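Working notes for the structure below.
Proteins get letters first, then strands, A, B, ... in listed order; numbering begins at 1 in each. If you're wondering where the values come from, they're calculated on a predicted model, not measured in any experiment.
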Number of protein chains: 2
Amino acid sequence: MKRPVPISGLGHLRVVIDQDVYVGPGRADLLERIAGMGSISAAGKSMGMSYKRAWGLVQALNEGFGAPLVETVRGGTRQGGARLTDLGLAVLNHYRAMEAKTETAIAGDVEALRALKSDIAERK
Amino acid sequence: MKRPVPISGLGHLRVVIDQDVYVGPGRADLLERIAGMGSISAAGKSMGMSYKRAWGLVQALNEGFGAPLVETVRGGTRQGGARLTDLGLAVLNHYRAMEAKTETAIAGDVEALRALKSDIAERK
DNA sequence: CCGCGATATGTTTCGAAGAACATATCGGTA
DNA sequence: TACCGATATGTTCTTCGAAACATATCGCGG
């Protein structure tokens, strides 16, 4: 696998809740896609990962928090699926909020660093 | 290898300058220690990594920026050593600044998340 | 001119993380 | 009741990165 996908943003934020669990860009994206698609496997595939890997990440979150962020259903009318619990939604929303706040907070410094680098590139 | 840098902070920030280079907690710490100890190997050892690994990180930064963040000397009166260039110092300072800004920006949300989790823990 | 301490690199070994493959289970529907 | 799609989970195979080990170089000081 390759590096954490450097999305279009300025940085990657990993929020450490405690020793058992954290939330980073990948986990947040996965939660978001599960919420949107109603399926762990579909969400995982859309991010280029196997069902097993996606499922493992969900487990890590559920166990880490001590309560499910994702609820799953097997069988049933829609042949199973998954959706976010209130907790899962809360975690996702907090993460997105922190991401946004961070981006604004560091925008100036990032700009300065990028300027430093392009000065170097031009000079050569 | 064990993943999370157990810092005391709220989160880990990785700042993506561009596709070639980024600065994260580990690289920043390494730069700081090089500045303080005047040696790549000493700085690396103090962080529990091999000289080779430390040297590799320095290379990645130097190459990524297109100019050295760390200057090295072989032999000489002090039997070689390393120190930060102005660029290296600038990068380090910017990173620390961004770290601080981020911590203040997200403190509230982190607190909320931790509260959510301890509510769960108590309830069981 | 040899040794020391630090940088600079190559080679090999090892382990962990993920991918790939294989089942098992569930519970509706046809 | 056979089937389907999705969850759930175990096992094996690959791959990639780091660790470990091994040199080579540098340049002053003794």
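- Taking Asp20(A) as the reference, Asp18(A), Lys117(B) meet the side chain to side chain contact (heavy atoms under 4.5 Å, CB included) condition, with sequence neighbours excluded.
- In this structure, the separation between CG on Leu69(A) and CD on Glu63(A) is 12.0 Å, given to the nearest 0.5 Å.
- One atom, CD of Gln59(B), and another, C1' of dG17(D), lie 18 Å apart when rounded to the nearest Å.
- In this structure, Arg74(A) does not reach the dT25(C) phosphate: none of its side-chain N or O atoms is under 4.0 Å from OP1 or OP2.
- For Val73(B), there are no side chain to side chain contact (heavy atoms under 4.5 Å, CB included) partners, not counting sequence neighbours.
- The nearest whole Å value for the distance from the NZ atom in Lys45(B) to the C1' atom in dA19(D) is 12 Å.
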Can you give each donor-acceptor pair under 3.5 Å made by side-chain atoms of residues 33-50 of chain B, sequence neighbours left out, with the distance rounded to 0.1 Å?
| from | atom 1 | to | atom 2 | distance (Å) |
| --- | --- | --- | --- | --- |
| Arg33(B) | NH1 | Ser46(B) | O | 3.2 |
| Arg33(B) | NH1 | Ser46(B) | OG | 2.8 |
| Ser39(B) | OG | Ser41(B) | N | 3.3 |
| Ser39(B) | OG | Ser41(B) | OG | 3.3 |
| Ser39(B) | OG | Ala42(B) | N | 3.0 |
| Ser46(B) | OG | Ala43(B) | O | 2.7 |
| Ser50(B) | OG | Arg53(B) | N | 3.1 |

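- Rounded to whole angstrom, the span from the CZ atom of Arg53(A) across to the C1' atom of dG18(C) amounts to 7 Å.
- Of the residues in residues 60-72 of chain A, those placing a heavy atom less than 4.0 Å from an atom of DNA chain D are Thr72(A), in numerical order.
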Mind listing the N/O atom pairs, protein and nucleotides 11-14 of chain D, below 3.5 Å?
| from | atom 1 | to | atom 2 | distance (Å) |
| --- | --- | --- | --- | --- |
| dT11(D) | O4 | Lys52(A) | NZ | 2.8 |

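- The CZ-P distance, from Arg83(A) to dT7(D), rounds to 14 Å in whole Å.
- Residues satisfying the side chain to side chain contact (heavy atoms under 4.5 Å, CB included) criterion with Asp119(B), sequence neighbours excluded, are Arg123(B).
- As rounded to whole Å, 17 Å separates atom P of dA6(D) from atom CZ of Arg33(A).
- Between Tyr51(A) atom OH and dT9(D) atom C1' the separation is 9 Å, expressed in whole Å.
- Here Lys101(B) pairs with Asp109(A) under the salt bridge (Lys or Arg N to Asp or Glu O under 4.0 Å) rule; sequence neighbours left out.
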Any N/O pairs under 3.5 Å between the protein and nucleotides 28-30 of chain D? List them or say none.
none

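- Here Gln59(A) pairs with nothing under the side-chain hydrogen bond (donor to acceptor under 3.5 Å, both in side chains) rule; sequence neighbours left out.
- Contacts of Glu32(A) classified as side-chain hydrogen bond (donor to acceptor under 3.5 Å, both in side chains), with partners at least two apart in sequence or in another chain: Arg96(A).
- Between Ile106(B) and Glu99(A), every side-chain heavy-atom pair lies at or beyond the 4.5 Å cut-off.
- Met49(A) has its CE atom 13 Å from the P atom of dA20(C), to the nearest Å.
- Applying the salt bridge (Lys or Arg N to Asp or Glu O under 4.0 Å) rule to Arg83(A) yields the partners Glu71(A); only residues at least two apart in sequence or on another chain are considered.
- Atoms CG (Leu57(B)) and P (dA8(C)) sit 14 Å apart, rounded to a whole Å.
- Between Trp55(B) and dT7(C) there is no side-chain N or O to OP1 or OP2 distance below 4.0 Å.
- Put simply, Ser39(A) has no side-chain N or O that comes within less than 4.0 Å of OP1 or OP2 on dG5(D).
- Arg114(A) places a side-chain N or O within donor-acceptor distance of the main-chain N or O of Ile17(B), the cut-off being under 3.5 Å.
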